[in-house]
Asker: 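My questions all concern the structure below.
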Number of protein chains: 2
Amino acid sequence: MADIARMAGVSISTVSRALAGNPLIPKTLRDQIVEIARTHGYVVNQSARSLRLRKTDIIGVVIPLPHQTGRLISDPFLLEMVGRLVDEIARRGYAVLVHKVIATEPGWLERIIQSQRADGLILIGQSVEHAALNAVADTYRPMVVWGAQLPGQRYCAVGGDHLEGGRLAVAHLAGLGRERIAFFGATEAPEAAQRFEGYRRGLAEAGLTFDPALVAPVSHSLQEARDDVARFIASGPSFDAVFAFSDVIALAALEALREAGRSAPGDVAVVGFDDIMLARYGAPPLTTLRQDLEHGAQTMVDLLFRRMAGEDAPSVMAPVELIVRGSSV
Amino acid sequence: MADIARMAGVSISTVSRALAGNPLIPKTLRDQIVEIARTHGYVVNQSARSLRLRKTDIIGVVIPLPHQTGRLISDPFLLEMVGRLVDEIARRGYAVLVHKVIATEPGWLERIIQSQRADGLILIGQSVEHAALNAVADTYRPMVVWGAQLPGQRYCAVGGDHLEGGRLAVAHLAGLGRERIAFFGATEAPEAAQRFEGYRRGLAEAGLTFDPALVAPVSHSLQEARDDVARFIASGPSFDAVFAFSDVIALAALEALREAGRSAPGDVAVVGFDDIMLARYGAPPLTTLRQDLEHGAQTMVDLLFRRMAGEDAPSVMAPVELIVRGSSV
DNA sequence: CTGAAAGCGCTAACAC
DNA sequence: GTGTTAGCGCTTTCAG
């Protein structure tokens with residue numbers, strides 16, 4: 001910047017002001033300085049700017065991976081979400097810093113916040129302790145979490161209506177005359193717990209009895225899920241429908257069923273959750289509960305910027321929509 | 001940091017050294033200081049650190065979007081690539097800054113470099129002028145591009161063997177007895193031009209004549225591509241096979257064919273490129289040329305770090321593999 | 001082994 | 001309007 005100042009025959013402050021578009025500097029001089037900077041390929045150093053301004057123009061997007069799988073972000077839902085967030089954040093002139101963290105290491109959230117590399121944070125998923133988020137939220141405002149709403153929650157969460165989604169799924173399956181409806185997926189994470197709760201309510205409303213033998217804890221990754229489902233099938237419980245925690249699990253279930261010689265939807269009707277791109281293109285295409293990611297990402301970013309501006313933005317629960325495709329009818 | 005120093009009864013320099021694990025500070029004192037910092041939730045401010053060290057511990061991943069579509073990163077290939085890169089970069093203790101840029105605005109690359117927000121840059125795709133990349137590469141070393149190798153190229157590029165891929169695709173289709181093989185996709189971008197060139201060579205080697213009427217410029221986005229293909233079908237040229245620039249285009253072609261009442265692979269055999277996740281799950285599953293993204297991302301990151309260390313890492317062309325699935329046989 | 005002090009590149013009072 | 005100057009929070013000579 002000193003160089004530019006020398007070339008323009010002005011002081012550093014004038015250059016700084018001109019480059020910032022400060023109207024105190026006459027328009028002609030400003031343009032002149034901007035032009036000099038441009039031709040010399042000068043751009044303001046962001047580290048210095050951030051240090052001085054205590055503002056980075058960066059939004060952190062945190063992907064907490066459960067367990068110490070030091071591995072792949074391959075989950076299609078996660079990737080779609082990241083894509084949407086990048087779009088939405090870029091529209092506002094901010095860059096996106098993606099953090100992949102192992103959610104089991106304590107203090108990771110505090111570390112990210114304290115490093116002050118981002119002006120705001122979006123966490124994808126609550127795999128963290130609810131309590132840890134609450135604790136952080138008391139002192140750190142610019143944070144939005146993709147996830148479920150929980151009682152006593154003091155952080156800002158955006159997410160689909162998991163409970164209603166579970167209900168709708170089971171109502172749909174029961175309406176088709178299915179009576180032995182299995183649930184595939186973990187039930188610990190808040191989102192999962194709510195979908196599971198919706199499943200149980202759906203059963204109750206349809207006059208079906210809940211059978212714990214039809215609940216299979218299935219991994220979230222496609223490969224492992226397929227094996228988990230295969231084991232479940234082999235272990236013998238009879239079932240004529242599946243409500244899966246996610247589309248990925250539903251797709252894995254379809255594969256495992258095919259390998260076990262059962263047809264879908266003939267022998268077993270399958271419903272997933274999320275409506276990822278893969279859901280539409282499968283054979284059969286997947287009946288699922290659609291979460292509008294574009295809208296979800298938009299909402300999260302919107303709330304985040306309001307919180308960054310000091311407002312106190314509320315949590316939002318987005319509706320989910322049952323999309324009926326070939327895997328259930 | 002001053003606070004921590006006061007609490008520990010030492011100077012700021014000592015705290016800085018202790019937190020950096022500098023062995024000049026006795027281990028006990030070091031641990032003590034680290035402990036104080038931990039309990040008080042202190043973490044080094046990265047802006048200040050970066051300013052001082054001229055090093056950010058961030059790798060920039062740039063997604064250049066062609067044209068001024070101020071829109072969505074929805075391309076599955078791009079998303080998978082980003083996921084792989086994040087994994088690979090995170091493994092090395094760096095964070096990832098994702099930039100979405102409109103490649104038509106001149107000077108964007110210089111701006112990103114000069115802002116010094118990242119220690120190195122990975123560009124996904126050469127949609128930029130080859131010349132612009134060459135110019136930048138002369139002065140900016142830590143940059144790796146995902147794309148084709150071009151004559152006179154002075155930047156480091158990693159990518160699949162597009163030409164060979166095109167040849168293999170056509171050889172496969174011709175081997176199945178197909179004689180009117182269409183090419184769907186743009187032919188301007190370097191990757192596309194090479195795949196197209198492979199297509200022409202494949203035709204020649206199979207003794208088929210090249211018919212310009214069978215080359216359809218098709219958009220890269222799923223929706224638009226479907227419409228483009230539908231128009232092509234409606235316009236009447238007879239064809240019994242398609243080599244598509246990408247899996248996304250191939251999937252769009254499958255849809256358009258179905259809507260037009262033509263069967264695949266019966267009436268038209270279809271081959272894509274990339275082997276994205278969607279390819280495997282379609283109906284029919286897609287024959288495609290697999291680019292090993294995991295390996296590609298690994299290679300790019302590896303070369304980038306070598307360049308960051310001052311070494312002069314070479315460009316790499318990765319093999320592609322024909323994966324035969326139901327869409328062609 | 002430890003501390004004092006300089007300075008990374010920038011912005012914004014505060015003078016003039 | 002413009003320049004001078006004081007930091008932002010950190011690391012690292014350099015001196016002790």
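Naming: A, B, ... by sequence-line order, numbering from 1 per chain.
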Asker: According to salt bridge (Lys or Arg N to Asp or Glu O under 4.0 Å), who are the partners of B:D31, at least two apart in sequence or on a separate chain?
Answerer: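 Residues passing salt bridge (Lys or Arg N to Asp or Glu O under 4.0 Å) with B:D31: B:K27.
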Asker: Given atom NZ of B:K27 and atom P of C:dC1, what is their separation to the nearest angstrom?
Answerer: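 Atom-to-atom, B:K27 to C:dC1, this comes out as 14 Å.
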Asker: Rounded to whole Å, please give me the gap between CZ in B:R6 and P in C:dT2.
Answerer: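 About 19 Å, once rounded to whole Å.
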Asker: In B/S/- notation, 5' to 3', how is nucleotides 10-16 of chain D contacted by protein heavy atoms closer than 4.0 Å?
Answerer: BBBB---
Asker: Taking atom P of D:dG1 as reference, at what distance in whole Å does atom CD1 of A:I33 sit?
Answerer: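 Taking atom P of D:dG1 as the reference, CD1 of A:I33 is at 14 Å.
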Asker: Just do the salt bridge (charged side-chain N to carboxylate O under 4.0 Å, His left out) check on A:D312 and A:R306 with the steps written out, would you?
Answerer: CA-CA 7 Å; A:D312 198 26; A:R306 281 161 62 185; over 6 Å; no
Asker: Which whole-number value in Å describes the distance from A:N22 CG to C:dA13 P?
Answerer: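 Going from CG in A:N22 over to P in C:dA13 covers 11 Å.
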Asker: Please step through salt bridge (charged side-chain N to carboxylate O under 4.0 Å, His left out) for the pair A:D87 and A:R84, ending with a clear verdict.
Answerer: CA-CA 5 Å; A:D87 284 328; A:R84 298 293 187 183; 5.2 Å; no
Asker: With nearest nucleotides of DNA chain C determined for B:L51 and B:P23 from heavy-atom distances, which residue corresponds to the more 5′ nucleotide?
Answerer: B:P23
Asker: Does any non-hydrogen side-chain atom of B:H40 lie less than 4.5 Å from one of B:M7?
Answerer: yes
Asker: Got a second to check how far B:I36's CD1 is from B:I4's CD1, nearest 0.5 Å?
Answerer: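 Going from CD1 on B:I36 over to CD1 on B:I4, the span is 7.0 Å.
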Asker: Looking at CG of A:D57 and CD1 of A:I89, how far apart are the two atoms once the value is rounded to the nearest 0.5 Å?
Answerer: 12.5 Å
Asker: How long is the line joining CD1 of B:I4 and P of C:dT2, in whole Å?
Answerer: 17 Å
